[in-house]
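Note sheet for the following structure.
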Amino acid sequence: MVSSLHFVIPPTTLVSVNLESNITSSNWSGYINTSNEQIYNTAQAYWTEPTLQASRCSQNSATFWAGLGGFNSKQLAQDGTALNVPGFGEHQAWSEVLPTQSSMVAANLYATPGAQFVSSVTYEGNNNFSFYMYNFATGQATSFVVNAYGCDGSTAEYIAERPTTNGTIDNLSNFGTIDFISAETNGNSIGTYGHSAITMTDGNTTLAIPSALYGGSSFSVTQHACN
């Protein structure tokens, strides 16, 4: 259903600087935990699902997710929600484990705009990834285990992304601001570990900017431009 869509892994233009500072990416915005010593096996985020707003850009889309790996790596496990993604319903939940799976896999769950949603992924060992997502407005949830090669415990991410369709990065949907109410890595606030903010850019254009991290686990990402 979504075989034509995949994520660019790693992000196509990712510039790494020292921890506790900023990173620029062509398709990610949010926060990342990185460490040369810490192994990350759980990423969980609570956010308020944003409302899709009008955009001047055609072929625009956005995804919001929590994930493990993928920073300067081809291994990534992630789950979240989608806006304007071909083959998906609006606010439909999904998961993906790269490189075993070549595209996002739709889940039988939807987020509600303006309501809280939680997404988590845990590496259980033996190539088993446990996924859990819950819509606080409807009380509906989904949980499942995927056996797939793709474990990379070097990073954890909490991201608003513009996906790739048919080899080209989409324009970024106008989601306004998404509030990550809480983001936790290994059961602790993301501020516990080395972390960096990621700003999404396209050339000299800033597409999305994360706020400062407050309370060690909360932040927002604001869309500024679609391309």
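Not measured: the values here are computed from a predicted model.
Donor-acceptor pairing under 3.5 Å is recorded for the side chains of N227 and R56. Between the side chains of Y158 and T185, at least one donor-acceptor pair of N or O atoms lies under 3.5 Å. Residues Y193 and N188 bring a donor and an acceptor atom of their side chains to less than 3.5 Å of each other. Side-chain polar atoms of Q101 and S103 form no donor-acceptor pair below 3.5 angstrom. S25 and N27 are linked by a side-chain donor-acceptor pair at a separation below 3.5 angstrom, with hydrogens and angles left out of the test. Between the side chains of S95 and D79, no donor-acceptor pair is found at a separation under 3.5 Å. A side-chain donor from one of T122 and T42 sits under 3.5 Å from a side-chain acceptor of the other.
For Y132 and F144, the ring centers sit 6.0 Å or farther from each other.
Of the residues P163, S55, S61, the one that meets the side chain to side chain contact (heavy atoms under 4.5 Å, CB included) test with N84 is S61. Checked against Y31 for a side chain to side chain contact (heavy atoms under 4.5 Å, CB included), the options I23, I159, I190, I198 give a single hit: I190. Put simply, the residue from N126, N128, N127 that forms a side-chain hydrogen bond (donor to acceptor under 3.5 Å, both in side chains) with N147 is N128.
Between E157 and G70 the shortest heavy-atom distance is OE2-N, 4.3 Å. Nearest heavy-atom pair across H224 and T222 is CD2-O, 3.2 Å. The two atoms that bring W47 and S119 nearest to each other are CH2-CB, 3.5 Å, heavy atoms only. Minimum interatomic distance between Q78 and W94 (heavy atoms only, all atoms of both residues): CG-CZ3, 3.6 Å.
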Is there a side-chain hydrogen bond (donor to acceptor under 3.5 Å, both in side chains) between D152 and S154? Walk through the geometry before answering. CA-CA 6 Å; D152 184 341; S154 62; 2.6 Å; yes

side-chain hydrogen bond (donor to acceptor under 3.5 Å, both in side chains) between Y149 and Q75: does it pass, once the steps are laid out? CA-CA 8 Å; Y149 172 77; Q75 299 181 38; 3.0 Å; yes

Report the C-alpha separation of N33 and Y40 in whole Å, then their side-chain angles, then the decisive distance to 0.1 Å, and conclude whether the side-chain hydrogen bond (donor to acceptor under 3.5 Å, both in side chains) test is met. CA-CA 9 Å; N33 284 131; Y40 302 123; 4.8 Å; no

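Looking at heavy atoms from C-beta onward, M104 lies in side-chain contact with V85 at the 4.5 angstrom threshold. Side-chain atoms of Q223 and L207, non-hydrogen and from C-beta on, never get closer than 4.5 Å to each other. With a 4.5 Å cut-off on side-chain heavy atoms, T81 and E49 count as touching. A heavy-atom distance below 4.5 Å is not found between the side chains of E161 and F64. Proximity of R162 to T63: side-chain heavy atoms (C-beta onward) are nowhere separated by under 4.5 Å. Under the 4.5 Å side-chain criterion, counting only non-hydrogen atoms from C-beta, V97 is in contact with F131. The closest side-chain heavy-atom distance from F175 to V221 is below 4.5 Å. Side-chain contact between Y46 and F117: absent, with no pair of heavy atoms (C-beta onward) separated by less than 4.5 Å.
Judged by distance alone, the side chain of S218 and the main-chain N or O of G215 form no donor-acceptor pair under 3.5 Å.
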